[in-house]
Amino acid sequence: MTPIIIPSLNHLSEAAKTFVAKMGTDTIFAFYGKMGVGKTTFIKALCQELGVTDIVTSPTFAIVNEYRDARQQPIYHFDFYRIKRPAEVLDIGLEDYIGSRHLCLMEWPELIAELLPDNTRHIYIEEQTDGTRVLSEKND
């Protein structure tokens, strides 16, 4: 995936639209970035672009939130920030979510790295010195 530049919050919708066009048929996306870089904000824009009408919030305490896209298909939004042990996510049924073939959007995936399937797409959000965000894909 060629990098997606987000100059400001005013360009989030455009960036989400571009991202959706580049998703293909993949369903597992791991979002990496420092605290406050905009992972949740981008996922909110992405969900909006996919037709989610619910309020999208970070599932920091719940670990996973479920939304419905425009076709009423589930979207699973994970936040692993509070995970102490990777085995904790197995208790919530991570394997079932991943195996569902529905869209899985994961924040703080580095905390469960050994549980991520090979077909995970690794998306990095980095803030530049001018405040611009860059989304890029790296193969981990």
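All heavy atoms count here, side chains included; hydrogens, waters and symmetry mates do not.
To the nearest 0.5 angstrom, Leu90 atom CG is 10.0 Å from Asp96 atom CG. Annotation: the span from Ile63 atom CD1 to Asp79 atom CG amounts to 9.0 Å, rounded to 0.5 Å. We find the CG-CG distance between Asn65 and Leu105 to be 11.0 Å, quoted to the nearest 0.5 Å. Atom-to-atom distance recorded for Gln73:CD and His102:NE2 is 5.5 Å, nearest 0.5 angstrom. In this structure, CG on Asn119 lies 4.5 Å from CD1 on Ile28, to the nearest 0.5 angstrom. For the atom pair CG (Leu50) and CE (Met23), the distance works out to 5.5 Å, reported to the nearest 0.5 Å.
Met106 is connected to Trp108 through a chain of hydrophobic side-chain contacts under 4.5 Å among Ile, Leu, Val, Met, Phe, Trp and Tyr, so both are in one cluster. At a threshold of 4.5 Å between side-chain heavy atoms, the hydrophobic network of Ile, Leu, Val, Met, Phe, Trp and Tyr places Ile75 and Leu135 in one connected group. Leu12 and Tyr124 are assigned to two separate hydrophobic clusters, defined by single-linkage of ILVMFWY side chains at heavy-atom distances under 4.5 Å. Both Met1 and Val37 belong to a common hydrophobic cluster when Ile, Leu, Val, Met, Phe, Trp and Tyr are linked at side-chain heavy-atom distances under 4.5 angstrom. Tracing side-chain contacts under 4.5 Å through hydrophobic residues (I, L, V, M, F, W, Y), one reaches Leu94 starting from Tyr32; they form part of the same cluster.
A pairwise comparison of heavy atoms in Ile112 and Pro86 identifies CG2-CA, 4.3 Å as the closest pair. The two residues Tyr67 and Ile55 come nearest to each other via the heavy atoms CE2-O, 3.7 Å. Minimum heavy-atom separation, Gly36 to Arg133: O-NH2, 3.6 Å.
Aromatic ring centres of Phe42 and Phe19: separated by under 6.0 Å.
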Output, in order, the C-alpha distance, side-chain angles, deciding distance and verdict of side chain to side chain contact (heavy atoms under 4.5 Å, CB included) for Phe78 and Ile43. CA-CA 10 Å; Phe78 298 88; Ile43 288 173; over 6 Å; no

Walk me through it: do Arg85 and Glu114 pass the test salt bridge (Lys or Arg N to Asp or Glu O under 4.0 Å)? CA-CA 11 Å; Arg85 299 173 295 106; Glu114 62 270 22; over 6 Å; no

Given the rule in the side chain to side chain contact (heavy atoms under 4.5 Å, CB included) test, do Ser13 and Gln48 qualify, once you have shown the distances and angles that lead to the verdict? CA-CA 8 Å; Ser13 180; Gln48 185 173 20; over 6 Å; no

Pair Leu116, His122 - check side chain to side chain contact (heavy atoms under 4.5 Å, CB included), show working. CA-CA 10 Å; Leu116 295 175; His122 303 272; 4.1 Å; yes

Evaluate side chain to side chain contact (heavy atoms under 4.5 Å, CB included) for Thr60 paired with Arg82, printing each intermediate quantity in order. CA-CA 7 Å; Thr60 302; Arg82 297 194 179 280; 3.3 Å; yes

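By the 6.0 Å contact criterion, CD on Glu95 is open, its count of non-hydrogen atoms from other residues, nucleotides or ligands being 12 or less. The local environment of CD in Glu66 is crowded, with over 12 non-hydrogen atoms from other residues, nucleotides or ligands closer than 6.0 Å. Shown here is Asp130, whose CG atom has more than 12 heavy atoms of other residues, nucleotides or ligands within 6.0 Å. When the shell of 6.0 Å around NZ of Lys22 is examined, it contains more than 12 heavy atoms from other residues, nucleotides or ligands. Leu9 CG: 12 or fewer foreign heavy atoms inside a 6.0 Å radius.
A side chain to side chain donor-acceptor pair (under 3.5 Å) with Arg121 holds for exactly one of Thr27, Asp26, Asn139; it is Asp26.
No side-chain donor from either of Thr57 and Lys44 sits under 3.5 Å from a side-chain acceptor of the other. In this model, a donor atom of one side chain and an acceptor atom of the other lie less than 3.5 Å apart for Glu107 and His77.
Lys39 forms no cation-pi arrangement with Phe31, by the criterion of a distance under 6.0 Å to the ring centre and an angle within 45° of the ring axis.
Taking 4.5 Å as the limit, every side-chain heavy atom of Glu14 sits out of range of all side-chain heavy atoms of Ile6. Two residues are said to be in side-chain contact when any heavy atoms from C-beta on lie closer than 4.5 Å; Val89 and Leu115 meet this criterion.
Taking the six-membered ring where tryptophan is involved, the planes of Tyr76 and Tyr97 are perpendicular, since the angle between them exceeds 60° and thus also 30°.
Of the possible polar contacts, one joining the Glu88 side chain to the Lys84 backbone as a donor-acceptor pair under 3.5 Å is found.
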